[in-house]
Amino acid sequence: MRKVPAARLALGKPEAESLIDRLLFFDRDFNPIEDLHGNVLPSSVKPAASFWEHFPELDKSAITLALRSLDDNSQPLRISGDLGAPGANGLTIYRIGDLFAVVRSEERIDDERATLLHLATHDPLTGLPNRRQFSEDLTALLQETQGASETLSLMQLDLDDFKPVNDTLGHAVGDKLLQSAARRILACLSSDDRAYRLAGDEFTVISVGSGHPAKAHRLADDLVAAFKKPFMLDGIAVFVGSSIGISTAPPDGTTPEELMKASDLALYTAKKEGRGRAKAFDPAMLELLEQRELLRRSLRMALVQQQFYVEYQPIAEGGCIVGFEALLRWHHPLLGKIPPASFIPMAEADGMMPEIGAWVLEQACHEAMKWPESCIVAVNLSAAEFLTSGLTDRISQTLDLVGLPPERLELEITESVLLERTVNNIDTLNTLNVLGIRISLDDFGTEYSSLSYLKTFPFDTIKIDKYFITDLETDLKSQAIVRCIVNLAHDLDMQVTAEGVETPGQAEWLHSVGCDRLQGYLLSRPLAVEAIDEFITRADASKIHARR
């Protein structure tokens with residue numbers, strides 16, 4: 001059997017004089033593709049046999065080796081020579097995602113060539129140009145604008161809450177939504193703008209002409225506004241917003257890669273700030289991302305390298321110290337002290353909190369064993385820890401290992417942990433309660449504050465957030481809220497702890513309404529382990545002196 005020599009394989013564009021005869025689609029194993037995205041292919045592009053059955057004269061090993069270097073953004077593989085069919089003078093193979101698009105060239109009429117080229121460069125679902133066409137257009141337009149000293153803006157657009165539509169209404173409705181979204185995008189564009197669908201719910205817009213970047217910002221605002229209106233799909237009103245990241249050439253970059261990175265960072269910022277908005281790239285975004293990645297890499301080694309430590313803030317009741325809250329701290333060897341608000345969400349997102357939380361619990365229980373038997377230790381339990389399996393067993397094992405009585409441990413959880421009133425959540429809290437461990441609802445009043453939590457879950461303590469304590473002496477609304485929380489908790493047989501108490505006036509007012517416990521700078525800032533014994537001794541001496 002005659003083989004086409006490997007020397008005649010090349011990466012590049014087809015010869016200009018070659019006209020396309022037929023477009024065939026194959027999967028990565030070179031098997032025929034019968035449909036794309038659920039759409040039946042026309043017979044003109046539907047192969048009836050595998051790639052090797054279509055082109056038996058090709059050298060299978062040489063072709064396979066050459067195709068390994070192909071990706072979505074590389075030049076196609078060009079195979080020239082006589083392929084056995086009358087008039088055939090070559091193949092061009094494109095890599096499109098997980099598919100291979102094979103174009104067989106011979107003498108044909110121009111309109112058929114145009115039709116098949118359109119199929120290769122456009123998204124079959126929305127009709128918009130695809131990622132390959134986007135890459136070619138952006139490269140060409142950047143060269144044109146650089147030569148003319150003009151500006152160009154690139155917008156990356158993602159649909160907000162698109163996945164729930166697919167999950168609840170089905171992929172057929174999701175496809176209709178994408179088609180409607182494409183039409184809505186096109187309706188906002190001028191003759192100087194071009195829209196593309198890259199993949200899934202990812203779209204891009206290239207805007208040229210004068211007036212940038214202000215023009216791009218106006219267009220992005222128009223796009224965001226357009227997606228605030230509902231989509232009517234099969235008689236159902238579907239609300240899907242859009243988040244947009246904007247970059248401009250040359251200020252934000254002069255290559256496709258630089259512009260894509262800039263707009264991607266801007267898009268990330270838009271989503272992080274609440275979605276349904278447009279954000280322009282700012283160099284500070286890159287700096288923040290680099291710092292964040294540095295912290296993320298360092299965080300993975302912090303526990304192993306013993307960079308974490310625990311401080312303890314006193315809790316008072318009736319003028320006596322009744323316990324301490326364990327507070328996680330991180331001292332980075334280069335950056336110094338990292339605020340918990342910066343690294344704890346990162347640890348939760350990366351799945352590290354269960355391991356870190358277990359370490360904090362063990363450290364706190366060991367330290368509490370050195371205190372008077374009347375002192376409790378309060379340990380914060382993040383949502384990421386609470387939702388992991390085997391939590392109650394791990395806590396029970398830690399208490400047994402250390403020897404701390406369960407009633408001396410108080411676990412603090414926030415309302416975000418309880419958003420889903422699942423059987424597992426209730427069972428976890430009930431199990432902890434049966435073990436004798438105290439449960440405290442932290443930051444009450446600042447998050448979701450559903451009173452049904454207090455009825456459904458067994459809490460021993462409610463902690464009033466310092467937000468309501470800061471202006472307690474002067475603000476009547478704060479006073480009303482705190483008074484109501486104290487009365488409600490007592491009626492439900494729960495204690496109340498006020499956080500952030502800093503002045504004698506605040507403490508006096510809280511005592512007047514029956515608040516059980518106080519915590520804040522008025523008593524002490526968080527203490528290092530070495531300072532706790534001295535603090536307890538001074539507190540006891542002060543109490544004795546007061547009695548005299």
Side-chain angles (χ1 to χ4, degrees), residues 13-14 19-51 54 67 70-77 91-105 108-138 156-159 162-163 165-166 169-189 193-206 231 233-234 238 240 242:
K13 296 182 179 179
L19 298 182
I20 296 172
D21 168 45
R22 191 176 182 191
L23 174 65
L24 306 177
F25 288 100
F26 301 91
D27 64 19
R28 295 186 67 177
D29 296 321
F30 299 99
N31 296 317
I33 295 295
E34 297 299 324
D35 62 81
L36 291 174
H37 303 288
N39 300 319
V40 177
L41 295 175
S43 59
S44 61
V45 298
K46 184 191 301 182
S50 74
F51 178 86
H54 272 279
L67 289 177
L70 280 185
D71 58 36
D72 285 354
N73 298 314
S74 66
Q75 293 288 345
L77 177 66
L91 297 178
T92 304
I93 305 179
Y94 296 86
R95 173 72 177 272
I96 305 176
D98 290 332
L99 307 180
F100 290 117
V102 180
V103 178
R104 182 170 61 193
S105 302
R108 287 290 180 181
I109 56 176
D110 287 342
D111 59 344
E112 185 174 352
R113 178 185 184 221
T115 299
L116 296 176
L117 278 175
H118 181 87
L119 285 173
T121 58
H122 285 71
D123 170 40
L125 179 65
T126 64
L128 294 178
N130 60 18
R131 182 183 292 273
R132 179 179 298 277
Q133 189 64 53
F134 163 73
S135 179
E136 293 178 1
D137 287 354
L138 181 58
Q156 288 201 63
L157 184 152
D158 276 7
L159 304 188
F162 172 72
K163 187 177 183 300
V165 175
N166 262 347
L169 300 180
H171 288 277
V173 174
D175 286 348
K176 291 180 181 179
L177 175 57
L178 291 172
Q179 291 169 337
S180 298
R183 290 192 292 269
R184 199 165 285 190
I185 291 171
L186 290 173
C188 295
L189 306 187
D193 309 320
R194 308 181 189 185
Y196 306 81
R197 182 189 176 206
L198 300 189
D201 64 335
E202 302 173 22
F203 297 84
T204 60
V205 173
I206 301 175
F231 292 87
L233 305 172
D234 294 346
V238 176
V240 175
S242 66

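Ser135 OG to Leu198 CG: the interatomic distance, rounded to the nearest 0.5 Å, is 10.0 Å. For the atom pair Arg132 CZ and Ile96 CD1, the distance stands at 5.5 Å (nearest 0.5 Å). Atoms CG and OG, on Leu24 and Ser50 in that order, are 11.5 Å from each other to the nearest 0.5 Å. How far CG of Leu138 is from CD1 of Ile206: 4.5 Å, rounded to the nearest 0.5 Å. Atom CG of Leu77 sits about 12.5 Å away from atom CZ of Arg95, to the nearest 0.5 Å. The distance from the CD atom of Gln133 to the CZ atom of Arg197 is 16.0 Å, given to the nearest 0.5 Å.
For the side-chain contact (heavy atoms from CB on, under 4.5 Å) test, residues two or more places apart in sequence or in another chain that qualify with Gln179 are Leu125, Lys176, Arg183. Scored by the side chain to side chain donor-acceptor pair (under 3.5 Å) test, Asn166 finds no partners at all (sequence neighbours excluded). Listed by chain and residue number, Phe51, Trp52, Phe100 satisfy the ring-ring contact (aromatic ring centres under 6.0 Å, His included) test with Phe30 (two or more places apart in sequence, or in another chain). Qualifying ring-ring contact (aromatic ring centres under 6.0 Å, His included) partners for Tyr196, counting only residues two or more places apart in sequence or in other chains: Phe134. Listed by chain and number, the residues in a salt bridge (Lys or Arg N to Asp or Glu O under 4.0 Å) with Asp158 amount to none (sequence neighbours excluded). Contacts of Thr126 classified as side chain to side chain donor-acceptor pair (under 3.5 Å), with partners at least two apart in sequence or in another chain: Asp123. For Leu186, the side-chain contact (heavy atoms from CB on, under 4.5 Å) test picks out Leu128, Leu189, Ala195, with sequence neighbours left out. Partners of Asn130 according to the side chain to side chain donor-acceptor pair (under 3.5 Å) rule, which considers only residues two or more places apart in sequence or in another chain, do not exist here. Taking the side-chain contact (heavy atoms from CB on, under 4.5 Å) definition, one finds that Ala49 meets it with Glu53, His54, sequence neighbours left out.
Minimum interatomic distance between Arg131 and Ala199 (heavy atoms only, all atoms of both residues): NH2-CB, 4.3 Å. Here the closest heavy-atom approach between residue Phe162 and residue Gly174 is recorded as CE1-O, 3.7 Å. The two residues Phe231 and Ala181 have their closest heavy-atom pair at CE2-N, 3.9 Å.
Within the 4.5 Å cutoff, the side chain of Leu159 has heavy atoms near those of the Leu178 side chain. Between Thr92 and Pro76, some side-chain heavy-atom pair lies under the 4.5 Å cut-off. The shortest distance between side-chain heavy atoms of Val173 and Asp234 falls below 4.5 Å. Annotation: side chain of Leu169 is not in contact with side chain of Leu233 (no heavy-atom distance under 4.5 Å). In this structure, the side chains of Leu157 and Val205 stay at 4.5 Å or more apart for every pair of heavy atoms.
Proximity of a side-chain donor or acceptor of Asp29 to a complementary backbone N or O of Asn31 within less than 3.5 Å is not detected.
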